[in-house]
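So the structure is just underneath, and the comments pick up after that.
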Amino acid sequence: MVTDQYRLIGAPVAHSLSPVMHNYWFRSLEISAYYQADLVTRDELEQAVMQIRASGIKGFNVTFPHKKSILLLLDELSERARLIGAVNTVVCAGSRLIGYNTDGVGFLQGLFHHFPNLAQKQHLSVLMIGAGGAAYSVAQILSETIAERIDICNRTMEKAFHLSAACGASVLSDALTFAQAEQHLDQYQIVINTTSVGLMPEQDHLLIRLDHACRHTVFVDLIYQPRRTALLKEAERHGFPVLNGLSMLVYQGALAFQMWTQLVPDSRSMESYLENNYLS
Ligand code: ATR
């Protein structure tokens with residue numbers, strides 16, 4: 001009989017690979033547990049959290065659109081979740097709900113796995129496209145580790161200024177228009193698209209032209225489905241190294257899994273398993 005229960009709450013969740021990933025790890029580590037995705041709309045969040053408290057569930061993940069709104073419903077926050085202002089992982093310690101954010105560290109571990117040379121660097125210049133929730137998690141970890149400069153360009157300039165100001169507490173940072181960003185692309189060693197533009201292939205389009213990029217600039221998109229957004233296709237066409245969001249999904253999930261079970265799952269083989277079986 002399966003004993004421990006875990007959840008993903010968000011809307012939509014049907015497309016999520018998290019259930020496949022966590023249930024695979026539970027089976028391979030012979031843990032009697034089950035992870036399921038529950039569709040929870042904005043209106044249902046408070047009620048869903050109350051039910052989780054009463055249910056004896058061991059932990060859960062939080063995805064769009066609840067990563068910020070869940071903060072007020074938890075009992076405790078990790079320092080990182082508090083700094084970012086968003087939670088993606090909750091540990092249920094008895095009836096206490098403790099919120100963490102593993103997105104940023106998961107992103108960095110995935111990046112270092114694919115580009116180990118970046119782990120030795122310290123003074124990198126990074127361009128982030130987008131200034132939504134995901135951008136904050138990634139910017140925060142980069143500002144603590146390998147970045148000396150993080151510039152932000154975003155369709156809504158006000159949000160670019162806001163994230164740039166937050167980055168400015170620890171690294172150099174400017175808010176740029178798309179035109180300014182593409183003009184100065186040769187200054188960046190890493191370009192990261194955090195926008196949702198590539199999610200719908202029929203609406204996907206390039207937000208910046210890549211003509212001025214450097215030969216070794218790494219292009220990253222946080223989207224993994226489709227495995228190549230317009231940005232990554234164009235970067236590959238130019239011969240630049242690219243990385244999609246699958247490694248971030250796997251490494252953020254592995255960190256959540258460790259918090260829940262105190263066991264380290266196999267992230268490397270999970271990434272190839274998902275890549276080969278689930279991505280188009
Ligand atoms: P997430 O939590 O995944 O980051 P989000 O907070 O909704 O999601 O942020 C989405 C990001 O994608 C934002 O930077 C958004 O730009 P705006 O701040 O201008 O809304 C960006 N985005 C979404 N659709 C876009 C589009 N068609 N063109 C340019 N940027 C877009």
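All ligand and atom numbering here is 1-based and tracks the order in the structure.
A salt bridge does not link K233 to E236: none of the charged nitrogens lies less than 4.0 Å from a carboxylate oxygen. Taking 4.0 Å as the cut-off between side-chain N and carboxylate O, R149 and D151 count as a salt-bridged pair.
With respect to L111, the side-chain contact (heavy atoms from CB on, under 4.5 Å) criterion is satisfied by exactly one of I146, I192, I141: I146.
Remark: minimum distance from atom 6 (O) of ligand 1 to any protein heavy atom is reached at G133 N, 3.1 Å.
A ring-centre distance under 6.0 Å is not found for Y35 and F60.
Between F64 and ligand 1, a contact under 3.5 Å exists for no N or O pair. Some N or O of R155 is nearer than 3.5 Å to an N or O of ligand 1, by distance alone.
Counting the atoms of ligand 1 from 1 in the order shown, those under 4.0 Å from a heavy atom of T156 are 17 (P), 18 (O), 19 (O), 20 (O). Ligand-side atoms of ligand 1 in range of K159: 17 (P), 18 (O), 20 (O), range being under 4.0 angstrom from any heavy atom.
Both the backbone and the side chain of S196 come within contact range of ligand 1, each with a heavy atom under 4.0 Å.
With a 4.5 Å cut-off on side-chain heavy atoms, F257 and Y6 do not count as touching.
Both tests hold for K68 against Y136: distance to the six-membered ring centre under 6.0 Å, angle to the ring axis within 45°.
The closest heavy-atom contact to atom 11 (C) of ligand 1, among the options I129, T195, L199, comes from T195.
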